[in-house]
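Chain A is the first sequence line, chain B the second, and so forth, proteins listed ahead of strands; every chain is numbered from 1.
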Amino acid sequence: MQTFQSLLAKKLSDALRAAGLPAAAGELTPASDPRFGDYQTNAALVLAKQRGENPRVLAAKIVAQIEAGDLCESPAVAGAGFINFTLRPGAVAEKTMELSRGGRLGVAEVKSSRRIVIDFGSPNVAKPMHVGHIRSTVLGDALARIAQFLGHEVIRDNHLGDWGTQFGMVIYGWKNLLDRQALQRNLLAEIVRIYKETNQQAASDPKIREACRQELIKLQADDRENVDIWKQCVAFSMQDFERVYKLLDVHYDLQCGESFYHDRLPDVVERLLKSGVGEISEGAVVVFFRDNPELADKPLIVRKRDGGFNYATTDLATVDYRINDLKADAIWYVVGAPQILHFRQIFDIARREGYTADLRHITFGSILGEDRKLMKTRSGENVPLRDLLEEACKRARKIIEEKNPHLSEDEKTDIAQKIGIGAVKYADLSQYRMTDYVFSWDKMLSLQGNTAPYLQNAYVRIRSIFRKAGESAIATPLWDVDTQADHEETGHRPVATTLTLADSAEINLAKRMCQFAEIVPQVLNDFRPNILANYLFEVANSFHTFYEACPVLKSEEPARSSRLILCDLAARVLKQGLDLLGIKVPEKM
RNA sequence: GUGCCUGUAGCUCAACUGGAUAGAGCUUCUGACUUCGGAUCAGAAGGUUGGGGGUUCGAAUCCCUCCAGGCACGCCA
């Protein structure tokens, strides 16, 4: 299905060609202000600049060639030379019906589907997940959902930190500090405790530091006892992660942690040495970037002087695996901004090795405390993620108890989870990923304003209308079987086959929903789910305005059926849009 | 020291990547409930986009230069 934007863009390029002008000039975008109509183009301004002509005269020339009477009123020249398009309500009604009948709400699948590995989450074993993991996990999951919906083949990979120096300390702690009873009470908590304590001791005592190093070397040499301890730690941590993922409704296709690549590291270094990309420097194997001015003075060590490998080596092996074995066309790393330099180096090496896959480092800002200082991962008191999520559900439940006490216990639990988790996710996804995130319980869990509960509430209100409508038995769905199954719970359907849009609130709502198909693909341009979140907020807003201005069930035909169609479509846009963000909608709240 | 990121209303954030008079939410103030769920709606107030230059028809956005904060820069991950 074509969007208004793409249809009008076609009309514009036809007109440009007819006027003897370059057909690809300028852009056709949604209007910056409702006063300017629905869409605008700056084509005349761009061309006038190139050719040294008067932009308004040129705009008039273009307008004379535009044949879009089926879609909009006659285009108007305005301002410095903009051309504005205002959609005809009839065209909007037609398009809205088209959306209503289709299963994808107008969103086209991409022409060329790619296989995309998305690397996100990546918690460290032997450490609990904390607030710092929210962004990568929630952002990565949302991008995966959107890419998949657009027709890409997505592989979600959890690159667990399950191998590395910290295991020297964990194993030393296990052997010397472990409290078996505490371990039985709470597996991960005890592992975290011994890790922290060892870390502290090692900081002040070189002998313990050395002992930890020895344990690490034994682990890497496949010492049976140490491998056994390591495996137990990984298993305990995974149990803890799984609980969080269940709460968050996040799923992985692969969980290839760092240990998965352990055996492949020597080959990576050998290959780099053989090809000349890597060289020996001060006893270590190092890659230099002499041709790249930005990296020229920033070499990367891939094998330490003592023969050990580091995480750069692991990441290179990971690139190999994902491209050669998984056949990835693209790899998206949803990893915090501090690792920008690291990934530039990795990507540069991958290019030098001849890989052409599309490698992207999708960065995001830090999580700050109320004092606006960085929340540190290693030491200090981090809020465990599970506690945070449970607290969110608890607070949501308290509000539900106040607002809707007659719901059953099961319903309350279910709704509290959808609202609490949704609120946390939305707080994160609704803002630009690069800006730092100020962590605040109140902000995250506030159920007012531009928040998930506001959107969920719009959905719930629509569902309520249809429950009421069901009593007067509106039936006979006009949607096809697939769509119906997808939307089964809606139950009763409007019967009208045409829309009559009269009130401005109706027209605005309908136009808004026609934009869904324009917004969703845009998210992947720069990996910004916040534009989808902002759009959904506008949908909810438009719906609430419509809801106040236009009675649905009490109105006369044909407005009644027409409005039911709008309601149904708004519900589906909200549900689908929130689903793409990984947020669920309740039927009541 | 070098490089990267960030700086927008009192607060939290947008601005479709160079477009028109910089928009929302929270807060404050004024209105609208025998309601299709008020977790709502309508309206008002709130700005030298960190400062200063420059580029052009047009700048929060691009360039230069300061200021502030953060992050990263060979054997941690």
Do the side-chain N or O atoms of [X] get closer than 4.0 angstrom to the phosphate oxygens (OP1, OP2) of [N]?
| X | N | answer |
| --- | --- | --- |
| Y535(A) | A14(B) | no |
| N84(A) | A20(B) | no |
| S32(A) | A15(B) | no |
| Y454(A) | C41(B) | yes |
| K127(A) | A77(B) | no |
| T435(A) | U12(B) | no |
| N530(A) | A15(B) | yes |
| K298(A) | C4(B) | no |
| S464(A) | C36(B) | no |

For a quick check, tell me whether the side chain of Q40(A) and the base of A20(B) share a donor-acceptor pair closer than 3.5 Å.
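Side chain to base: pair present.
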In this structure, which stretches of RNA chain B are paired as stems of three or more consecutive Watson-Crick or G-U pairs, both distances less than 3.5 Å?
B:1-7 with B:67-73, B:10-13 with B:23-26, B:28-32 with B:40-44, B:50-54 with B:62-66
Could you check whether [X] gets within reach of a base, just the sugar-phosphate, or nothing at all, counting any heavy atom under 4.0 Å?
| X | value |
| --- | --- |
| D315(A) | nothing |
| F288(A) | base |
| S281(A) | base |
| A337(A) | nothing |

Residues forming a ring-ring contact (aromatic ring centres under 6.0 Å, His included) with Y547(A), sequence neighbours excluded
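Partners of Y547(A) by the ring-ring contact (aromatic ring centres under 6.0 Å, His included) criterion, ordered by chain and then number, come out as F543(A).
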Can you list the residues that meet the ring-ring contact (aromatic ring centres under 6.0 Å, His included) rule with Y333(A), with sequence neighbours excluded?
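F343(A), F347(A).
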Let me know the distance between [atom1] of [X] and [atom2] of [N], rounded to the nearest Å.
| X | N | atom1 | atom2 | answer |
| --- | --- | --- | --- | --- |
| F343(A) | A77(B) | CZ | P | 14 Å |
| E538(A) | A15(B) | CD | P | 11 Å |
| Y547(A) | A32(B) | OH | C1' | 15 Å |
| Q431(A) | C13(B) | CD | P | 5 Å |
| F36(A) | U21(B) | CZ | C1' | 8 Å |
| Q166(A) | A77(B) | CD | P | 9 Å |
| E294(A) | G3(B) | CD | P | 10 Å |
| R35(A) | G19(B) | CZ | P | 17 Å |

Under the side chain to side chain contact (heavy atoms under 4.5 Å, CB included) test, which residues partner D291(A), sequence neighbours left out?
none
Residue list, side-chain hydrogen bond (donor to acceptor under 3.5 Å, both in side chains) with T86(A), at least two apart or on another chain:
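T86(A): no side-chain hydrogen bond (donor to acceptor under 3.5 Å, both in side chains) contacts found.
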Nearest heavy-atom pair of A416(A) and A396(A): which atoms, and what distance?
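Looking at all heavy atoms of both residues, the closest pair is O-CB, 3.6 Å.
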Give the intermediate values and the outcome of side-chain hydrogen bond (donor to acceptor under 3.5 Å, both in side chains) for residues T545(A) and S542(A).
CA-CA 5 Å; T545(A) 302; S542(A) 298; over 6 Å; no
Using O4'-C1'-N9-C4 for purines and O4'-C1'-N1-C2 for pyrimidines, with syn meaning within 90° of 0, is U8(B) syn or anti?
anti
If I pick the C1' atom on A68(B) and the same atom on A42(B), what distance separates them, to the nearest angstrom?
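That atom pair is separated by 41 Å.
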Detail all sub-3.5 Å separations between protein N/O atoms and N/O atoms belonging to nucleotides 54-63 of chain B.
from: G58(B); atom 1: O6; to: K49(A); atom 2: NZ; distance (Å): 3.1

Would you indicate which nucleotide in G37(B), C36(B), U17(B) comes nearest to any side-chain atom of D526(A)?
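When the side chain of D526(A) is considered, U17(B) is the closest of G37(B), C36(B), U17(B).
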